[in-house]
Amino acid sequence: QKIRTEEIQVEVVERRKQIEIEEQEIVRKEKELIATVKLPAEAEAFQVQTVAQGQRAKVLAAARGESDKIKLIGAAEARAVEAVGRAEAEQMRMKAAAYAQYGDAAILSLVLEALPQIASEVAAPLAKTEEIVLIGGSDKIGQEVTKLIGTLPPAVQALTGVDISGVLEKLPGARLIQTA
């Protein structure tokens, strides 16, 4: 009996030792898995995350730079437009001051500046004309030219609102001849 009890105790001790060995083997395999699988996976995940954060930061920085560039270009263009507007306004103010100072001479200047444009617009249809035939004697041609020149002041007044006859009368040494 005693031997049998001792044999059972030896078996219990052996089983305990075996269980301890198996537990140590399990701990060893866990550590091996952690070392060979988990830690490299965590390291790779950290690397991927870090690269992604770097790419994100890079894209954000590029977008901010592009945004700033667009803002600066817009501001520069706005300043340029503003400067042009101010220059044009100043030019108009100076012209107005000069016209106010010179009165009728300024109006005459305006009319004389507008006459080439008026003449070119009146002559534009004639530029497309290939041939003009006047029928009648030489006195008829003179009458037509006189009639055309006679209708010019009312046409200028209708287009510009300025009575060119009145302005021309005010020129020193100029006189208006009335035709019947």
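These values consider heavy atoms only, across backbone and side chains, with no hydrogens, waters or symmetry-generated copies.
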Determine, for E90 against R86, whether the closest basic-nitrogen to carboxylate-oxygen distance falls under 4.0 angstrom.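 Judged by the 4.0 Å cut-off on N to carboxylate O distance, E90 and R86 do not form a salt bridge.
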Taking R79 first and then E82, would you say they form a salt bridge - that is, a charged N and a carboxylate O separated by under 4.0 Å?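 A salt bridge is absent here (no side-chain N lies under 4.0 Å from a carboxylate O).
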Please lay out, stage by stage, how E7 and R4 fare under the test salt bridge (Lys or Arg N to Asp or Glu O under 4.0 Å). CA-CA 5 Å; E7 281 180 358; R4 178 75 182 132; 3.7 Å; yes
To the nearest 0.5 Å, what is the distance between [atom1] ([X]) and [atom2] ([Y])?
| X | Y | atom1 | atom2 | result |
| --- | --- | --- | --- | --- |
| K71 | R64 | NZ | CZ | 10.5 Å |
| Q24 | K31 | CD | NZ | 10.0 Å |
| Q9 | E14 | CD | CD | 12.5 Å |
| E25 | E30 | CD | CD | 11.0 Å |
| I8 | I3 | CD1 | CD1 | 12.0 Å |
| L39 | L33 | CG | CG | 11.0 Å |

Holding to side chain to side chain contact (heavy atoms under 4.5 Å, CB included), I want the full list of residues that pass it with V84, two or more places apart in sequence or in another chain.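 Applying side chain to side chain contact (heavy atoms under 4.5 Å, CB included) to V84 gives E88.
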Side-chain heavy atoms of R56 within contact of Q53, under 4.5 Å: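 Of all side-chain heavy-atom pairs linking Q53 with R56, none is under 4.5 Å.
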Determine whether V27 and E23 make a side-chain contact, defined as any pair of heavy atoms from C-beta on separated by less than 4.5 Å.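 They are not in side-chain contact.
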Is S67 reaching over with its side chain to a backbone N or O of A63, donor-acceptor style, under 3.5 angstrom?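 Side chain of S67 to backbone of A63, a donor-acceptor pair under 3.5 Å: no, none is there.
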Of all heavy-atom pairs between A35 and P40, which one has the smallest distance, and what is that distance?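 Between these two residues, the closest heavy atoms are O-CD, 3.4 Å.
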Tell me whether the count of non-hydrogen atoms from other residues, nucleotides or ligands lying under 6.0 Å of CZ in R28 goes above 12.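 Yes, because the 6.0 Å sphere around CZ of R28 holds more than 12 heavy atoms from other groups.
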